[in-house]
Amino acid sequence: MDNLIANAEKYVLHFLNNNLNKSFVYHNVAHTQRVVEKTKELIEGQQIGESDAKELLLGAWFHDTGYTKVIENHEDAGVQIAQEFLKKHKVTEDTIKNVSSLILATKMTHEPKTEAEKIIRDADCAHIGSKNFIDLTELLRKEWELTKERTLTEAEWLNENIEFLTNKQQFYTSYALTKWEKQKGKNLAQLLKAKKKLILEDTKLKQKKEALDFKKNKVELPERGIETMFRVALRNHITLSDIADTKANILLSVNAIIMSLALSSLLPKLDNPSNQYLIYPTIIFILFTVASIVLSVIATRPNITKGKFTKQDVADKKVNLLFFGNFHQMKLADFEWAMEEMMKDRDYLYGSLTKDLYFLGLVLNRKYNILRLTYTVFMIGIIVSVISFIVAFKLQEIGAV
């Protein structure tokens with residue numbers, strides 16, 4: 001018996017590791033080993049004889065090998081695999097028949113009749129009476145998703161397990177009823193508690209959704225949402241504009257300092273004939289510095305508009321009254337009249353805000369493009385200037401030698 005069971009264990013472990021798809025995260029080697037261990041526990045608890053014990057252990061080892069072939073009716077495929085193994089080991093026909101019957105007894109639709117069938121059924125479902133029931137069933141849930149493309153919501157999964165523990169599963173042996181039934185009840189209670197909690201959460205979520213829908217249906221909410229959108233967008237654009245101006249001012253200040261130092265310290269030394277080799281590097285340095293200063297000024301230089309509009313422009317909604325450049329030359333009375341006209345017209349008001357946002361974006365685009373060019377010129381100028389000074393010094397050294 002020991003040799004046959006050991007050979008069966010070795011064969012099944014090798015067979016499952018090499019043939020079972022990795023998507024079977026529940027019905028795998030670990031599950032088979034658990035069923036074998038529970039079968040041994042039930043054999044001892046029910047005081048089963050050696051011959052029946054051998055058949056039970058063989059059935060436990062082979063009961064899920066059919067998953068390597070098919071999912072539906074995998075027990076039938078498992079019977080064929082077990083029979084091939086047993087025949088190679090010259091096992092009697094009666095034993096092969098009994099082992100086959102035990103494998104088929106693991107079908108959920110089968111009602112066990114013999115003591116051995118009750119044992120293998122209890123061993124196969126022993127996880128229901130274990131403390132790690134929740135973890136094991138999560139593996140089964142994942143396996144269904146991977147192998148059957150059956151994805152269940154949390155509520156559906158809880159109902160599936162509650163139905164299984166309540167109506168579809170029961171322990172048949174006295175040992176299982178004594179040892180595992182109590183924990184099964186705790187597991188069922190845990191499922192019912194989780195379902196109740198989920199129902200409460202769904203109810204709260206539904207109430208929040210209804211309250212949100214009610215608020216969305218109010219007239220004020222879209223208006224507030226639009227106003228918030230414009231306020232945030234315009235503030236962001238203004239902030240970005242300030243950042244661009246700051247960067248340009250930094251470049252302007254740095255280059256102005258560099259220019260001052262060059263004019264005060266470097267240029268006077270060029271009158272000396274011995275320093276004439278520094279003329280070209282100095283010119284290059286000053287040209288790049290001047291170019292950076294000019295670009296920085298261009299980036300921050302404002303554009304001036306005519307600052308006037310006509311009543312016809314207001315009637316045609318062509319003028320954006322939110323930009324000072326369009327009204328700074330107008331009289332106060334004309335401006336107030338135009339603003340009143342705009343505030344009466346929702347489309348005109350939001351249209352003006354949209355135009356303001358758009359033209360701010362154009363200004364930002366211009367500023368950042370010029371800034372990028374300025375930083376590039378400044379960076380290249382520094383590199384070229386340093387290289388030119390190094391070359392000039394080297395040539396001077398060579399000439400001196």
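Everything quoted here is computed from the prediction, not taken from an experiment.
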Specify the closest pair of heavy atoms between [X] and [Y], including all atoms of both residues, with the distance to one decimal.
{"X": "Ile48", "Y": "Ala53", "result": "CG2-N, 3.8 Å"}
{"X": "Lys54", "Y": "Leu4", "result": "CD-CD2, 4.1 Å"}
{"X": "Cys125", "Y": "Met108", "result": "SG-CE, 3.7 Å"}
{"X": "Gly66", "Y": "Ala77", "result": "CA-CB, 3.8 Å"}
{"X": "Phe285", "Y": "Ser385", "result": "CA-OG, 3.2 Å"}
{"X": "Thr65", "Y": "Phe15", "result": "O-CE2, 4.0 Å"}

For side-chain hydrogen bond (donor to acceptor under 3.5 Å, both in side chains), just list the numbers for Gln83 and Ser100, CA-CA rounded to whole Å, side-chain angles, deciding distance to a tenth of an Å, and then say yes or no. CA-CA 8 Å; Gln83 287 177 351; Ser100 299; 3.1 Å; yes

How about His63 and His31: are their ring centres within less than 6.0 Å of each other?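 Ring-ring flag for His63/His31: true, centres closer than 6.0 Å.
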
Does anything in [range] pair up under salt bridge (charged side-chain N to carboxylate O under 4.0 Å, His left out), and if so which pairs, sequence neighbours excluded?
{"range": "residues 11-39", "answer": "Glu37-Lys40, Lys38-Glu41"}
{"range": "residues 122-140", "answer": "Glu138-Arg141"}
{"range": "residues 65-92", "answer": "Asp76-Lys107"}

Report the distance from atom [atom1] of [X] to atom [atom2] of [Y], rounding to the nearest 0.5 Å.
{"X": "Leu139", "Y": "Ile134", "atom1": "CG", "atom2": "CD1", "answer": "12.0 Å"}
{"X": "Ser130", "Y": "Lys179", "atom1": "OG", "atom2": "NZ", "answer": "15.5 Å"}
{"X": "Ile257", "Y": "Thr289", "atom1": "CD1", "atom2": "OG1", "answer": "12.0 Å"}
{"X": "Ile199", "Y": "Lys197", "atom1": "CD1", "atom2": "NZ", "answer": "13.5 Å"}
{"X": "Asp52", "Y": "Gln47", "atom1": "CG", "atom2": "CD", "answer": "13.5 Å"}
{"X": "Ile128", "Y": "Phe133", "atom1": "CD1", "atom2": "CZ", "answer": "6.0 Å"}

Output yes when a side-chain donor or acceptor of Glu143 lies under 3.5 Å from a complementary backbone atom of Tyr26, and no otherwise.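 Confirmed, Glu143 side chain pairs with Tyr26 backbone.
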
Would you say Thr166's side chain and Glu163's backbone share a donor-acceptor pair under 3.5 angstrom?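 It does not hold such a pair.
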
Would you call [X] and [Y] a side-chain contact if the rule is heavy atoms closer than 4.5 Å?
{"X": "Arg366", "Y": "Ile298", "result": "yes"}
{"X": "Lys193", "Y": "Lys196", "result": "no"}
{"X": "Thr39", "Y": "Ile43", "result": "yes"}
{"X": "Gln33", "Y": "Trp61", "result": "yes"}
{"X": "Thr137", "Y": "Trp157", "result": "yes"}
{"X": "Asn159", "Y": "Lys195", "result": "yes"}
{"X": "Tyr67", "Y": "Thr147", "result": "no"}
{"X": "Leu332", "Y": "Glu336", "result": "yes"}

Which pairs count as ring-ring contact (aromatic ring centres under 6.0 Å, His included) when at least one residue sits in residues 75-105, sequence neighbours excluded?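 Applying ring-ring contact (aromatic ring centres under 6.0 Å, His included) to every pair that reaches into residues 75-105, excluding sequence neighbours, yields Tyr11-Phe85, Phe62-Phe85, Phe85-His89.
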
Kindly state each residue pair satisfying side chain to side chain donor-acceptor pair (under 3.5 Å) with at least one member in residues 369-381, sequence neighbours excluded.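 Listed once each, the pairs are Asn365-Asn369.
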
Worked verdict on Trp144 versus Lys148 for side-chain contact (heavy atoms from CB on, under 4.5 Å): CA-CA 5 Å; Trp144 284 5; Lys148 299 182 179 181; 3.9 Å; yes

Are a donor atom and an acceptor atom from the side chains of Asn21 and Ser23 found within less than 3.5 Å of each other?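 Asn21 vs Ser23: donor-acceptor pair found between side chains.
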
Indicate whether the side chain of Glu117 and that of Ser101 have a donor and an acceptor atom separated by less than 3.5 Å.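 Looking only at side-chain atoms, Ser101 and Glu117 do not form any donor-acceptor pair under 3.5 Å.
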
Verdict with supporting geometry, His74 and Phe24, ring pair (Phe, Tyr, Trp, His ring centres under 6.0 Å): CA-CA 13 Å; His74 66 89; Phe24 289 96; 8.9 Å; no

For Asn187, check side chain to side chain donor-acceptor pair (under 3.5 Å) against everything at least two apart and list the hits.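 In terms of side chain to side chain donor-acceptor pair (under 3.5 Å), with neighbours along the sequence ignored, Asn187 is linked to Gln183.
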
Considering only NZ, NE, NH1 and NH2 on the basic side and carboxylate oxygens on the acidic side, decide whether Arg150 and Glu160 come within less than 4.0 Å.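 Counted as a salt bridge, because a side-chain N and a carboxylate O are separated by less than 4.0 Å.
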
Decide if atom NE2 of His14 counts as having more than 12 heavy atoms of other residues, nucleotides or ligands within a radius under 6.0 Å.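 Result for NE2/His14: open.
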
Should we count NZ of Lys10 as having more than 12 external heavy atoms under 6.0 Å?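 Atom NZ in Lys10 is not packed in, count stays at 12 or less.
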
Would you sort out whether His110 and Arg121 count as a side-chain contact (heavy atoms from CB on, under 4.5 Å), showing the intermediate values? CA-CA 9 Å; His110 179 80; Arg121 277 291 294 277; 4.2 Å; yes

Before you tell me yes or no, could you show the steps for Thr95 and Thr92 under side-chain hydrogen bond (donor to acceptor under 3.5 Å, both in side chains), namely the whole-Å CA-CA distance, both residues' side-chain angles and the distance that decides it to 0.1 Å? CA-CA 5 Å; Thr95 299; Thr92 63; 2.9 Å; yes

Apply the test side-chain contact (heavy atoms from CB on, under 4.5 Å) to residues Ile243 and Tyr368: give CA-CA distance (whole Å), side-chain angles for both, the deciding distance (0.1 Å), then the verdict. CA-CA 10 Å; Ile243 292 172; Tyr368 275 92; 3.8 Å; yes

Start with the C-alpha gap between Thr68 and Ile81, add the side-chain angles, then the distance that decides, and say whether side-chain contact (heavy atoms from CB on, under 4.5 Å) holds. CA-CA 10 Å; Thr68 59; Ile81 296 168; 3.9 Å; yes

